[in-house]
Asker: 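Once you've had a glance at the structure underneath, I'll fire off some questions.
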Amino acid sequence: MTILIKSKKQIEGIKKSSRLAAATLDFISDHVQAGIDTEYLDDLIHKYIQENEGIPAPLGYRGFPKSSCISLNNVICHGIPSKDLVLKDGDILNIDVTTIVDGYFGDTSRMYTVGEVSDEAKKLIRVTRECLELGIQQVRPKKRFGNIGFVIGKHAKANGFSVVHQYCGHGVGVEFHEEPQVLHISTKKSGMRMKPGMIFTIEPMINVGKADASVDDTDGWTARTVDGELSAQFEHTVLVTDSGVEVLTAGSTV
Ligand code: MF3
Ligand code: CO
Ligand code: CO
């Protein structure tokens, strides 16, 4: 198993792509409103990325039909934007954007809310954001990947939530999905050691109820909670630096 150590040139390219992915999530924020359908949001995302000299990586990736993943309420990830999915007050959603700029990939997602959402939804979103932040704090040279999933699992459980185990973070930059798989639930000090120049995502999916995901037969993509309870996710692309970590997809609003 080989984890790429990115060159200076590759790092610069991945930084530029990651900045565009983050800017896209900043841009879409004002458009997330009751009455808007998720295909409309996807159209805006598609146009924004193209206007900024990028390519939306999901479009056509293993047959994925749209330019972003938009996952509503009980959808864990890989939701397909659709005219039939109209936002309403109280909804929570994840928008996941991956850009290609000059051949380099940046991958990030965050949660949005529509109108007033439940206290449970607010807590889920807060804890999921904290899980990502705690995971990022475990990134530095010589540390093991397993520590990331250890702190995420601990924090989710302490708050009564569960961690989705079927989907992982991943190396990213030269391709959409590279090695390693970054587990969001794992044991302390397990896994490979991090080295400067590695770039990967951390993207915990946290559920209110059961941890399991089930993929819709109808489209082969949409991953839902098995019990219909809410799920949340945040994702950043991070670089292992000589002294620690740099978040490449930090936006202006998150
Ligand atoms: N962006 C997702 C990730 O974080 C992958 C989406 S694959 C797609 O890894 F085909 F659904 F776009
Ligand atoms: Co990802
Ligand atoms: Co993503």
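Every number for a ligand or one of its atoms is a count from 1 in the order of the listing. Just so you know, these numbers use all the heavy atoms, side chains as well, and skip hydrogens, waters and symmetry mates.
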Asker: Sequence neighbours left out, what passes ring-ring contact (aromatic ring centres under 6.0 Å, His included) with H177? Give chain and number order.
Answerer: Y61, H170

Asker: Is L59 linked to L41 within one hydrophobic cluster, defined over Ile, Leu, Val, Met, Phe, Trp and Tyr using a side-chain heavy-atom separation of less than 4.5 Å?
Answerer: no

Asker: Write none if no such pair exists; otherwise list each N/O atom of ligand 1 with its protein N/O partner under 3.5 Å and the distance.
Answerer:
{"from": "ligand 1", "atom 1": "1 (N)", "to": "D96", "atom 2": "OD1", "distance (Å)": "3.1"}
{"from": "ligand 1", "atom 1": "1 (N)", "to": "D96", "atom 2": "OD2", "distance (Å)": "3.2"}
{"from": "ligand 1", "atom 1": "1 (N)", "to": "T98", "atom 2": "OG1", "distance (Å)": "3.3"}
{"from": "ligand 1", "atom 1": "1 (N)", "to": "D107", "atom 2": "OD1", "distance (Å)": "3.3"}
{"from": "ligand 1", "atom 1": "4 (O)", "to": "D96", "atom 2": "OD2", "distance (Å)": "3.3"}
{"from": "ligand 1", "atom 1": "4 (O)", "to": "D107", "atom 2": "OD2", "distance (Å)": "3.1"}
{"from": "ligand 1", "atom 1": "4 (O)", "to": "E203", "atom 2": "OE1", "distance (Å)": "2.8"}
{"from": "ligand 1", "atom 1": "4 (O)", "to": "E203", "atom 2": "OE2", "distance (Å)": "3.2"}
{"from": "ligand 1", "atom 1": "4 (O)", "to": "E235", "atom 2": "OE1", "distance (Å)": "3.0"}
{"from": "ligand 1", "atom 1": "4 (O)", "to": "E235", "atom 2": "OE2", "distance (Å)": "3.0"}
{"from": "ligand 1", "atom 1": "9 (O)", "to": "H170", "atom 2": "NE2", "distance (Å)": "3.0"}
{"from": "ligand 1", "atom 1": "9 (O)", "to": "H177", "atom 2": "NE2", "distance (Å)": "2.8"}

Asker: How about L85 and L72: do any of their side-chain heavy atoms sit closer than 4.5 Å?
Answerer: yes

Asker: Is V86 reachable from V75 through a run of hydrophobic residues whose side-chain heavy atoms are each under 4.5 Å from the next?
Answerer: no

Asker: Quick one: does P196's side chain get under 4.5 Å of P141's, heavy atoms only?
Answerer: yes

Asker: So does H170 have any N/O/S atom less than 2.8 Å away from the Co ion (ligand 2)?
Answerer: yes

Asker: Considering the options T98, D42, T24, which one meets the side-chain hydrogen bond (donor to acceptor under 3.5 Å, both in side chains) requirement together with S68?
Answerer: D42

Asker: Looking at K143, I'd like to know if its NZ atom is crowded, meaning that more than 12 non-hydrogen atoms belonging to other residues, nucleotides or ligands lie closer than 6.0 Å.
Answerer: yes

Asker: Under the side-chain hydrogen bond (donor to acceptor under 3.5 Å, both in side chains) rule, collect the residues that match up with K83, sequence neighbours excluded.
Answerer: E39

Asker: Does some side-chain heavy atom of M192 sit less than 4.5 Å from a side-chain heavy atom of R144?
Answerer: no

Asker: Near the Co ion (ligand 3), which protein N/O/S atoms fall under 2.8 Å?
Answerer: D96 OD1, D96 OD2, D107 OD1, E235 OE1

Asker: Which heavy atom of I185 sits nearest a heavy atom of G153, and at what distance?
Answerer: CD1-CA, 4.1 Å

